[in-house]
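Nothing here was measured: the structure is a model prediction, and the numbers come from that model. We count residues from 1, following the sequence as given.
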Amino acid sequence: MSSLIELLPKVVSEGRKEANRILDGLSNASRITLQTNELVQPNKNRKQKNLGSAVLGAAGYNVSPAWTNRLVYGDNLLVMQALLAGDPATGLPSMRGQIDLIYIDPPYDSKADYRTKIELPGATIDSKPTVLEQFAYADTWSTTIDGEEIKGTIAYLKYMYPRLVLMKELLSERGSIYVHIDWHVGHYLKIVMDDIFGKENFRNDVIWSYHRFSRRSSNLFPHMHDSMLFYAKSKDNVYNPIPDEVRNNDRYERGYHVVVDNGIKKLLVYDEEKARKKVDFSKYDKISYTNVTATTMGDVWEIPVINPQADERVKYATQKPEKLLERIVKASSNEGSVVADFFGGSGTTAAVAEKLGRKWITSDIGKPATMIMRKRFIDNDAKEFFYQSIGDYQREQMKTNFGTKFRIYELNQIVLNLYGAIPFRDEENPSHNLGRIKNTKRLIYVVSPSELVSPNTISRALDEMNTFQGGWNKVTVLGWNFKSDIGAYLDTMREYKDGTLTVEIIPADLLDQLKSKASYKKLSSQVAVDANGMVKTPVRFSSLQYLTLKDPIIKDGQITIELDNYVILSADALPLDAKNKEKMNEVIARDPLALIEYWSVDPNYDGNFFHSTWQDYRNNTENDDDPLHVINKVTLPLGETGYVAVRAVDVFGLESEVIMEVSNE
């Protein structure tokens with residue numbers, strides 16, 4: 001097997017080719033676009049202080065005439081392509097050369113799995129909460145180079161190279177990039193960044209030094225710092241010197257700065273009012289307000305990790321302190337600058353950019369991360385922002401993973417194999433979307449990612465069950481995307497009730513797991529079907545679900561909306577192990593609305609675009625003090641369209657929507 005150093009030139013060569021292919025295709029008619037799922041106008045208070053503050057835009061929804069911040073779900077390689085191409089539907093021109101600062105905190109090739117915890121109510125009022133764990137992301141890497149499967153650091157570098165090239169294209173001529181990394185791959189990544197940005201544009205290896213609990217080791221010092229590789233696009237990068245931290249007896253204080261001038265201790269007061277309350281002036285030989293210049297901060301930053309009780313903590317495994325990002329944003333951007341983070345995680349970069357008067361774009365490939373970010377921005381009373389995803393995401397992701405020659409029917413075959421089904425021969429199955437589970441009379445019907453699963457889809461699947469090869473006893477429909485009312489429709493069907501028909505969701509992150517043919521081979525090798533037709537697969541195909549509402553109450557131009565029930569149609573298909581699934585079934589039976597993580601309302605729905613003008617979510621203290629439930633009822637001004645839309649997201653990131661026709665008469 002070739003060594004890492006021997007393979008590095010190949011990584012650079014293939015990374016350049018991939019980046020050039022992407023850049024050359026930006027002007028194609030089939031270029032990647034962003035799909036707007038929601039325009040969020042943060043309003044977490046049931047008193048409706050903020051409603052109606054925006055102006056209806058030409059596109060039929062509220063947009064800022066100059067700029068709207070963006071939270072995007074999806075692979076950042078696709079997100080950046082869409083940003084480079086521009087987004088005419090929401091008035092976003094190409095962002096090429098428009099971003100002044102990019103900060104990223106990518107995975108570190110640490111070989112770890114990161115998870116988020118879900119707290120649900122206990123069995124009784126007095127019992128402790130039920131705690132479940134949900135997968136967030138895996139920091140393990142594999143790829144293929146010259147037909148050889150490569151794992152670990154070289155696969156990680158191959159993943160990062162084209163992404164860093166696209167980030168360079170997005171940066172303005174005065175732009176800077178900070179790549180937050182640690183000892184696992186930092187030294188190798190610097191070589192890659194020297195190649196992309198130019199060694200002459202390297203500015204600093206900024207050290208973030210922190211203290212934390214660490215076990216003693218017999219052969220090394222505990223790891224107590226991370227690095228941030230700071231590069232500029234050109235020699236003219238934005239740089240605002242940051243004064244040294246205000247110190248007194250080696251303790252951080254606010255309002256003043258102690259320096260030594262010719263052996264004399266002096267006090268430079270930034271905020272005299274605060275300083276007088278905290279400082280014993282008798283300790284200093286001289287006080288100067290004008291003659292002392294604060295020294296500039298160096299490249300070693302001592303900042304504590306986030307306190308478990310801190311207000312900014314959002315319970316995300318790799319969350320970074322806001323103070324760390326404040327220094328970076330202040331140093332390398334100005335008010336009004338665009339700041340971007342393409343490994344958004346807990347949303348710290350965007351949250352800090354918002355507070356400091358910067359515009360922002362952030363993205364993440366994980367549903368848990370995007371949910372945490374959306375709630376965090378609402379909680380911080382951010383300005384309105386778009387929540388977006390990649391248009392035709394599955395098709396574009398497969399092109400990225402397997403090349404442009406990949407065809408959509410091949411994706412159907414992959415799904416069948418990973419579900420444990422045997423595909424039928426091409427001559428019997430021209431759409432390549434039918435398979436069977438061996439030792440059973442169960443038909444598997446895969447729906448294309450470009451189709452919304454609807455009642456018509458279900459009818460076709462049932463027809464195939466009754467007629468294909470003489471008929472089958474059962475049919476399972478596997479879909480990527482679903483009409484908002486499909487869950488309620490299925491719950492009324494006899495075939496669904498007696499088990500003849502089952503419908504399951506292909507996991508949204510499946511394509512993220514299929515990063516290469518090698519990763520598909522690894523997943524498929526773990527699929528097994530026993531003699532009774534029971535399938536074991538590493539892929540978590542999940543249940544369909546739907547939300548029901550009570551009849552709305554309309555009075556004096558206002559509408560009262562109340563949640564009624566949250567129905568999970570196939571609880572056994574939830575992405576949980578057996579122990580956690582048992583806990584979940586107890587919650588479903590006792591308190592199904594406890595599964596709602598977030599819900600929002602558009603009281604003036606236009607039939608095309610969801611404009612969220614009110615939101616509630618667990619841990620929102622504006623509405624109640626119950627951290628494990630959303631509130632179930634809200635009264636809002638009724639719009640003029642005659643339709644109200646309600647969206648809910650559960651603790652697993654699964655979404656439901658209800659659209660009601662209403663009358664103000």
Exercise. Identify the two heavy atoms, one from Trp360 and one from Ala353, that lie closest to each other, and give their separation to 0.1 Å.
Key: CB-CB, 4.1 Å

Practice problem: Could you walk me through whether Gln41 and Phe385 pass the side chain to side chain contact (heavy atoms under 4.5 Å, CB included) test, one step at a time? | Solution: CA-CA 7 Å; Gln41 185 178 341; Phe385 61 91; over 6 Å; no

Quiz prompt | Polar side chain donor-acceptor pair, Gln615 to Trp599, under 3.5 angstrom | solution = no

Quiz item: Which of these, Arg647, Lys367, Arg618, sits in a salt bridge (charged side-chain N to carboxylate O under 4.0 Å, His left out) with Glu597?
Solution: Arg618

Quiz item: Under 3.5 Å, is there a donor-acceptor pair between the Ser389 and Asn37 side chains?
Solution: yes

Quiz item: Any chance the side chains of Thr537 and Gln526 put a donor and an acceptor closer than 3.5 Å?
Solution: no

Quiz item: Between Asp498 and Thr500, does any side-chain donor sit less than 3.5 Å from a side-chain acceptor?
Solution: yes

Quiz item: Checking Asn481 side chain against Pro449 main chain: does a donor-acceptor pair fall under 3.5 Å?
Solution: yes

Exercise. Classify the side-chain pair His629/Asp591 by whether it contains a donor and acceptor separated by less than 3.5 Å.
Key: yes

Quiz item: Would one find more than 12 heavy atoms of other residues, nucleotides or ligands at under 6.0 Å from atom OH of Tyr643?
Solution: no

Practice problem: Give a yes or no on whether Asn307 atom CG has more than 12 heavy-atom contacts from other residues, nucleotides or ligands under 6.0 Å away. | Solution: yes

Exercise. Provide the closest heavy-atom pair for Phe377 versus Ala350 in the form atom of the first, atom of the second, distance.
Key: CZ-CB, 3.5 Å

Practice problem: Look only at the side chain of Asn632 and the backbone of Glu562, and say whether a donor-acceptor pair between them is shorter than 3.5 Å. | Solution: no

Self-check item: Distance in Å, Leu638 CG paired with Ile561 CD1, rounded so as to fall on 0.5 Å steps
Solution: 8.5 Å

Quiz prompt | salt bridge (Lys or Arg N to Asp or Glu O under 4.0 Å) evaluation trace for Lys355 with Glu326 | solution = CA-CA 9 Å; Lys355 290 177 183 178; Glu326 283 173 4; 5.8 Å; no

Quiz item: Taking Thr36 for the side chain and Glu38 for the main chain, is one N or O donor matched with an acceptor at less than 3.5 Å?
Solution: no

Quiz item: How about Val535 and Tyr419: do any of their side-chain heavy atoms sit closer than 4.5 Å?
Solution: no

Exercise. Would you tell me whether Arg376 and Thr348 have side-chain atoms, one donor and one acceptor, within less than 3.5 Å of each other?
Key: yes

Quiz prompt | Heavy-atom donor-acceptor pair, Arg358 side chain to Ser333 backbone, under 3.5 Å | solution = yes

Quiz item: Can you name the one residue among Asp75, Thr349, Asp364, Leu83 that meets side-chain contact (heavy atoms from CB on, under 4.5 Å) with Phe342?
Solution: Leu83

Exercise. Answer with yes or no whether the side chains of His180 and Asp226 bring together a donor and an acceptor at under 3.5 Å.
Key: yes

Quiz item: Is there side-chain contact between Glu354 and Asn380, with at least one heavy-atom pair below 4.5 Å?
Solution: no

Self-check item: Side-chain (Thr548) to main-chain (Asn565) donor-acceptor, under 3.5 angstrom
Solution: yes

Quiz prompt | Approximate separation, where rounding is to 0.5 Å, of Lys315 NZ and Ser346 OG | solution = 14.0 Å

Self-check item: Pairwise side-chain contact, Lys44 with Asp616, heavy-atom cut-off 4.5 Å (strictly under)
Solution: no

Practice problem: Check Asn76 against Ser363 and note the closest heavy-atom contact, atom names and distance. | Solution: CB-OG, 4.0 Å

Practice problem: Measure the acute angle between the ring planes of Phe609 and Phe386, then classify it against the limits of 30° and 60° as parallel, tilted or perpendicular. | Solution: perpendicular

Quiz prompt | side chain to side chain contact (heavy atoms under 4.5 Å, CB included) assessment of Asp341 paired with Val339 | solution = CA-CA 7 Å; Asp341 184 347; Val339 175; over 6 Å; no

Practice problem: Decide yes or no for Met493 and Ile458: does some side-chain heavy atom of the first lie under 4.5 Å from some side-chain heavy atom of the second? | Solution: yes

Quiz prompt | Residue pair Leu547, Asp564: steps toward the side chain to side chain contact (heavy atoms under 4.5 Å, CB included) verdict | solution = CA-CA 8 Å; Leu547 180 74; Asp564 178 42; over 6 Å; no

Self-check item: Test item: Arg70 side-chain N/O and Gln388 main-chain N/O as donor-acceptor pair under 3.5 Å
Solution: no

Exercise. State the OG-CD1 distance between Ser663 and Ile554, to the nearest 0.5 angstrom.
Key: 6.5 Å

Quiz item: Where the side chain of Gln319 meets the backbone of Val314, is there a donor-acceptor pair that is under 3.5 Å apart?
Solution: yes

Quiz item: If you measure only the distance, is there a donor-acceptor pair under 3.5 Å linking the side chains of Asp491 and Tyr546?
Solution: yes

Quiz item: Nearest 0.5 Å, what's the NZ-OG1 distance between Lys474 and Thr502?
Solution: 8.0 Å

Exercise. Taking the side chain as every heavy atom from C-beta outward, state whether Glu586 and Arg590 have any pair of such atoms under 4.5 Å apart.
Key: yes

Quiz item: Hey, does Val646 have a side-chain heavy atom less than 4.5 Å from the side chain of Ser600?
Solution: no

Quiz item: Are Ile444 and Leu478 close enough that some pair of their side-chain heavy atoms sits under 4.5 Å apart?
Solution: yes

Quiz prompt | OH-OG1 distance between Tyr103 and Thr362, expressed to the nearest 0.5 angstrom | solution = 11.0 Å

Quiz prompt | Under 3.5 Å: donor-acceptor pair, side chain of Asn604, backbone of Thr641 | solution = yes

Quiz item: Okay, side chain of Tyr617, backbone of Asp379: is any donor-acceptor separation there less than 3.5 Å?
Solution: yes

Quiz item: On the ring face of Tyr598, is Arg374 found with NZ or CZ under 6.0 Å from the centre and within 45° of the axis?
Solution: yes

Quiz item: If every non-hydrogen atom of Pro507 is compared with every non-hydrogen atom of Val539, which pair is closest and at what distance?
Solution: CG-CG1, 3.5 Å

Exercise. Calculate, to the nearest 0.5 Å, the distance between atoms CG and CG belonging to Leu628 and Asn619 respectively.
Key: 7.5 Å

Quiz item: Between Thr476 and Leu501, does a side chain to side chain contact (heavy atoms under 4.5 Å, CB included) hold up when you go through it step by step?
Solution: CA-CA 6 Å; Thr476 295; Leu501 166 70; over 6 Å; no

Quiz item: Which pair of non-hydrogen atoms, one from Ala382 and one from Pro42, has the smallest distance, and what is that distance?
Solution: O-CG, 3.1 Å

Quiz item: What heavy-atom pair brings Thr370 and Val72 nearest, and what distance separates the two atoms?
Solution: CG2-O, 4.3 Å

Quiz item: Do the non-hydrogen side-chain atoms of Ser448 and Trp480 ever get within less than 4.5 Å of each other?
Solution: no

Exercise. Keeping the roles fixed (side chain from Glu384, backbone from Asn69), state whether a donor-acceptor pair exists under 3.5 Å.
Key: no

